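The residues of the chain are indexed from 1 along the displayed sequence. Only heavy atoms go into these numbers, but all of them, side chains included; no hydrogens, no water, no symmetry mates. Fair warning: this is a prediction, and the values are worked out from it, not measured in the lab.
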Amino acid sequence: MGQPQRTILLFDIDGTLLHADGAGRRAFEATIAERTGVADSLAGVDLRGMTDVAILAAGLTAAKLDAAQQLDGPMEARYIELLNQELNASTEVKILPGVLELLDALAIAGPHLAIGLGTGNLRQGAYAKLGRVGLSERFGFGGFGSDALARSELLAAGARRGAANWGLEPSQCRVVVIGDTALDIAAGLAIGAEVLAVGTSGVPVEELKSAGATWAYADLTDPGALVALVGVEAV
């Protein structure tokens with residue numbers, strides 16, 4: 001029997017690995033309010049699947065500022081500061097069902113797996129959220145909202161970093177994106193990845209399937225998720 005194919009796993013964070021209790025939205029709105037004086041710049045905006053940079057730009061645009069001119073390093077740094085405050089203040093930040101068990105199983109499934117992130121969060125924000133629930137050490141690489149505005153491009157960055165663990169190119173590996181929205185699915189398909197989608201942010205499983213997900217489950221407790229990600233029959 002041949003060796004399993006080298007496989008890069010790129011996990012989304014919000015709605016896939018954890019629920020952050022709205023900490024990101026509150027931190028975004030507070031950051032934008034400090035810069036613009038507008039308190040509800042993201043009212044009615046569905047943040048699911050958006051990158052952090054796109055969210056900040058949308059808030060600035062809603063406040064009638066030129067996002068290209070106003071979005072800068074100090075603003076991003078202030079957002080990270082406020083995000084950490086919000087995460088620490090909340091008692092409702094939690095890991096989603098099946099995540100710990102799946103990550104434990106993947107960790108021992110074999111050296112053919114590289115377990116990383118594919119998230120619209122800025123890198124610091126991603127690890128702040130993961131650290132709040134004790135998951136930061138589980139992911140040694142990834143593609144982040146600080147890499148690119150387009151979700152497909154940040155996933156491509158994550159795939160390159162994962163492949164580099166073996167001295168390979170992404171084209172020499174199997175890439176699987178794990179997410180919870182149609183935007184995750186579209187971005188994964190755009191880079192030629194397989195996509196495992198979960199309904200843990202409220203998108204019905206049938207909608208995820210219709211959007212093109214390779215597999216779609218209610219959450220990561222489904223045993224099919226492990227089989228799909230490992231790429232061989234799970235024991």
Could you give the distance from [atom1] ([X]) to [atom2] ([Y]), rounded to the nearest 0.5 Å?
X    : Y    : atom1 : atom2 : answer
I8   : W166 : CD1   : CH2   : 5.5 Å
R25  : E86  : CZ    : CD    : 12.5 Å
L47  : S201 : CG    : OG    : 11.5 Å
L60  : T31  : CG    : OG1   : 10.0 Å
L208 : Y217 : CG    : OH    : 12.5 Å
L220 : I95  : CG    : CD1   : 12.0 Å

Identify, with sequence neighbours excluded, every residue that meets side-chain hydrogen bond (donor to acceptor under 3.5 Å, both in side chains) alongside T16.
->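 Partners of T16 by the side-chain hydrogen bond (donor to acceptor under 3.5 Å, both in side chains) criterion, ordered by chain and then number, come out as D12, D180.
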Nearest heavy atoms of [X] and [Y], plus distance in Å:
X    : Y    : value
A128 : N84  : CB-OD1, 3.5 Å
R151 : D184 : NE-OD1, 2.8 Å
A163 : P170 : CB-N, 3.6 Å
A213 : A197 : CB-CB, 3.9 Å
S41  : G59  : CB-O, 3.5 Å
E29  : A43  : OE2-N, 3.6 Å

List the steps, then state whether side chain to side chain contact (heavy atoms under 4.5 Å, CB included) holds for F11 with L102.
-> CA-CA 12 Å; F11 283 84; L102 179 65; 4.2 Å; yes
Do [X] and [Y] sit in the same hydrophobic cluster, where Ile, Leu, Val, Met, Phe, Trp and Tyr count as joined when their side-chain heavy atoms come under 4.5 Å apart?
X    : Y    : answer
V175 : F139 : no
L83  : I55  : yes
L96  : L10  : no
V177 : I13  : no
V99  : V195 : no

Look only at the side chain of E207 and the backbone of P204, and say whether a donor-acceptor pair between them is shorter than 3.5 Å.
->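 Not a single qualifying donor-acceptor pair exists.
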Any donor-acceptor pair under 3.5 Å linking the side chain of T200 with the backbone of G15?
->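 Indeed, once roles are kept as given, a pair shorter than 3.5 Å links the two residues.
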In the structure I gave you, are the side-chain heavy atoms of [X] and [Y] within less than 4.5 Å of one another anywhere?
X    : Y    : result
L122 : V53  : yes
R174 : E194 : yes
K209 : V205 : yes
I32  : L56  : yes
R48  : V203 : yes
D21  : R26  : yes
V176 : W215 : yes

Residues forming a ring-ring contact (aromatic ring centres under 6.0 Å, His included) with F141, sequence neighbours excluded |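 Expected list: none.
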Scan residues 113-126 for pairs that pass side chain to side chain donor-acceptor pair (under 3.5 Å), counting only residues two or more places apart or in two chains.
->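 Residue pairs passing side chain to side chain donor-acceptor pair (under 3.5 Å), neighbours aside: D14-N121, T119-N121, N121-K129.
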Take L229 and T7 through the test side chain to side chain contact (heavy atoms under 4.5 Å, CB included) and record every step on the way to the result.
-> CA-CA 8 Å; L229 298 183; T7 298; over 6 Å; no
Scan residues 88-105 for pairs that pass salt bridge (charged side-chain N to carboxylate O under 4.0 Å, His left out), counting only residues two or more places apart or in two chains.
->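 Of all non-adjacent pairs touching residues 88-105, those that pass salt bridge (charged side-chain N to carboxylate O under 4.0 Å, His left out) are D104-R138.
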Run the numbers on V133 and L17 for side chain to side chain contact (heavy atoms under 4.5 Å, CB included), then give the verdict.
-> CA-CA 10 Å; V133 292; L17 293 174; over 6 Å; no
What's the verdict on side chain to side chain contact (heavy atoms under 4.5 Å, CB included) for T214 and L196, showing C-alpha distance, side-chain angles and the deciding distance?
-> CA-CA 6 Å; T214 315; L196 190 154; over 6 Å; no
What ring pair (Phe, Tyr, Trp, His ring centres under 6.0 Å) pairs are there with at least one residue in residues 15-49, not counting sequence neighbours?
->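 For residues 15-49, and leaving out neighbouring residues, the ring pair (Phe, Tyr, Trp, His ring centres under 6.0 Å) pairs sorted by first residue read F28-Y79.
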Salt bridge or not for R161 and D147, using N-O below 4.0 Å?
->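 Salt bridge: yes.
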Sequence-distant partners of E81, salt bridge (charged side-chain N to carboxylate O under 4.0 Å, His left out), two or more places apart |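 E81 satisfies salt bridge (charged side-chain N to carboxylate O under 4.0 Å, His left out) with R78 once adjacent residues are dropped.
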